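We name chains A, B, ... by the order of the sequence lines, and we start the count at 1 in each one. What you see is a predicted model, and the numbers here were worked out from it, not measured in a lab. Hydrogens, waters and symmetry mates are skipped; everything else that's a heavy atom, side chains included, is used.
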Amino acid sequence: MPRRREPRPAPALELKTTRLAGIQVILNSAEHAALDTHISTLFAATPDFFGGEAAVFECGRLPVDAPSPDWAWLVRELKSRGLNPFAVQNASAELATAAQQTGLLVLNDVAPAPTTIAAEPEPVPEPEAVPAPEPAAPATPTRIIDKPLRSGQRVYAAGGDIVVLAAVNPGAEVIADGSIHVYAPLKGRALAGARGDTSARIFTTHLEAELVSIAGVYRTFDAAPDAAVARKPAQIRLADASQIVIEPL
Amino acid sequence: MTTIITVTSGKGGVGKTTTSASIASGLALRGFKTAVIDFDVGLRNLDLIMGCERRVVYDFVNVIQGDANLHQALIKDKHCDNLFVLPASQTRDKDALTEEGVEKVLKELEHQGFDYIICDSPAGIEHGAVMALTFADEAIVVTNPEVSSVRDSDRILGIIQSKSRRAIEGREPVKEHLLVTRYSPKRAHEGEMLTYTDIQELLRIPLLGVIPESEAVLQASNQGIPAIHQKATPVADAYQDAIGRFLGETHPLRFVEYEKPGLIKRLFGGK
């Protein structure tokens with residue numbers, strides 16, 4: 001049997017590898033005016049959609065002879081909308097130098113080259129306030145909320161599921177890129193699959209929601225939901241990618 | 001140790017000022033040195049309810065702006081020796097309340113050895129209301145048995161949990177108490193009003209008390225005597241119970257069950 005060793009104090013510094021979950025900001029144009037208009041329209045409806053996520057500029061789709069975009073301005077614009085760009089990837093030498101001068105890191109040889117994405121049909125032009133729908137990101141930890149969500153409060157689980165152990169009160173909003181589980185009365189709004197995941201579902205032990213939405217398909221409850229599910233445990237899913245189905249659990 | 005209690009609600013007209021006056025008076029009657037501050041700058045009312053409107057010379061904003069010192073602005077209550085009122089200014093607006101200024105005044109009250117500071121919040125969720133709850137240690141959320149009041153209380157609870165100093169600095173959260181006011185057991189029994197259990201189920205914070213609807217409150221307001229001084233009325237008793245619970249005592253809930261009037265009562269009336 002190994003002898004028990006004295007516990008050593010943790011060193012002041014440790015190094016470990018990590019994978020950052022972040023947002024890719026794919027640049028299709030370097031033109032100031034075009035970028036400006038598009039940023040404004042993209043974020044107009046949901047100015048506080050992002051909560052300080054890290055972001056990387058993907059430059060692989062820019063034309064080879066494209067002039068360098070105004071990096072400092074771009075970073076400022078995105079920061080004011082809750083995104084924190086810190087690097088550029090797949091940038092030409094000229095673009096990389098300009099980016100470096102404004103303090104951005106230059107990441108090279110990043111695997112998912114834009115050509116593969118470009119080969120696919122253009123992603124759904126849903127007016128979802130996300131620059132590019134991310135296909136299956138590495139497993140994000142589930143967000144767990146154990147205090148009541150009150151009127152006017154909003155939580156967003158980026159890239160994953162959310163579990164709420166306390167009531168979601170009228171006027172509160174739960175949003176997740178994955179599924180939503182509410183083990184208490186759901187009386188506010190629940191929006192699952194916020195980035196278009198149609199397989200996301202909503203589960204609750206007490207359905208009394210104001211609105212439920214999955215991948216942008218929503219249903220309000222002006223009248224109470226069916227007696228079979230009203231104030232009862234229920235699951236909400238999407239059938240045929242366009243039809244909200246509410247079933248008792 | 002000074003405890004700062006914010007009396008708030010989100011919605012207007014639910015009884016915040018009545019409650020502030022009665023809770024402050026009740027704590028003072030029990031021997032605690034207490035100050036009650038009117039944060040409703042521009043719509044000051046607390047001085048009327050406390051019956052000291054004719055003695056206002058300097059106000060909260062004067063103290064914040066350094067035009068007067070705290071000693072000059074504090075008004076000693078008529079009924080309790082250790083209760084002081086800091087009135088709001090009627091001629092300014094709520095922007096006159098700065099965070100540094102409010103903090104300075106609260107700190108000074110703490111130095112003067114006050115046990116409790118009651119902050120009477122204005123309605124709404126804007127600057128004035130936020131200033132009133134920023135420094136709170138405990139919050140009494142005043143709610144009427146109707147859906148709009150309950151929803152506004154829910155909203156203000158969310159704001160307490162995000163904008164109070166305790167929340168921002170990650171300290172122990174503000175202790176929240178629910179006080180249901182203007183409660184009519186008869187109407188709740190008949191389903192015209194929410195019951196206090198409905199309210200508690202939604203807001204999910206501990207119940208401090210239920211204050212019955214009563215004409216005594218209006219009378220008290222008009223006379224400038226906090227309702228808690230109206231001896232032997234259900235309102236005064238209910239406030240006394242609530243203060244007792246606040247201080248850790250246990251009291252059964254009173255005035256919440258509806259009893260059908262018996263034959264004699266119906267024949268001869270009576271209260």
In this structure, CZ of B:Arg155 is separated from CD of A:Gln153 (nearest 0.5 Å) by 8.0 Å
Rounded to the nearest 0.5 angstrom, the OG-CG distance for A:Ser151 and B:Asp152 is 7.5 Å
Under a 4.5 Å heavy-atom criterion, the part of residues 231-246 of chain A in contact with chain B comprises none
Do other residues, nucleotides or ligands put more than 12 heavy atoms under 6.0 Å from [X] [atom1]?
{"X": "B:Glu259", "atom1": "CD", "result": "no"}
{"X": "B:Glu257", "atom1": "CD", "result": "no"}
{"X": "B:Tyr258", "atom1": "OH", "result": "yes"}
{"X": "B:Glu172", "atom1": "CD", "result": "no"}
{"X": "B:Lys163", "atom1": "NZ", "result": "no"}
{"X": "A:His38", "atom1": "NE2", "result": "no"}

If you tally heavy-atom pairs under 4.5 Å between each of B:Ser162, B:Gly10, B:Gly158, B:Ser153 and chain A, the highest tally belongs to B:Gly158
Most contact-rich option vs chain A, by heavy-atom pairs under 4.5 angstrom, among B:Leu157, B:Ile156, B:Ile125, is B:Leu157
Per side-chain contact (heavy atoms from CB on, under 4.5 Å), A:Arg150 is matched among B:Asp154, B:Ile160, B:Leu202 by B:Asp154
Pair B:Arg151-A:Asn169, side-chain contact (heavy atoms from CB on, under 4.5 Å): steps then yes or no: CA-CA 8 Å; B:Arg151 175 172 292 194; A:Asn169 282 349; over 6 Å; no
Cut-off 4.5 Å, heavy atoms of chain B, and the answer for A:Lys187 is side chain
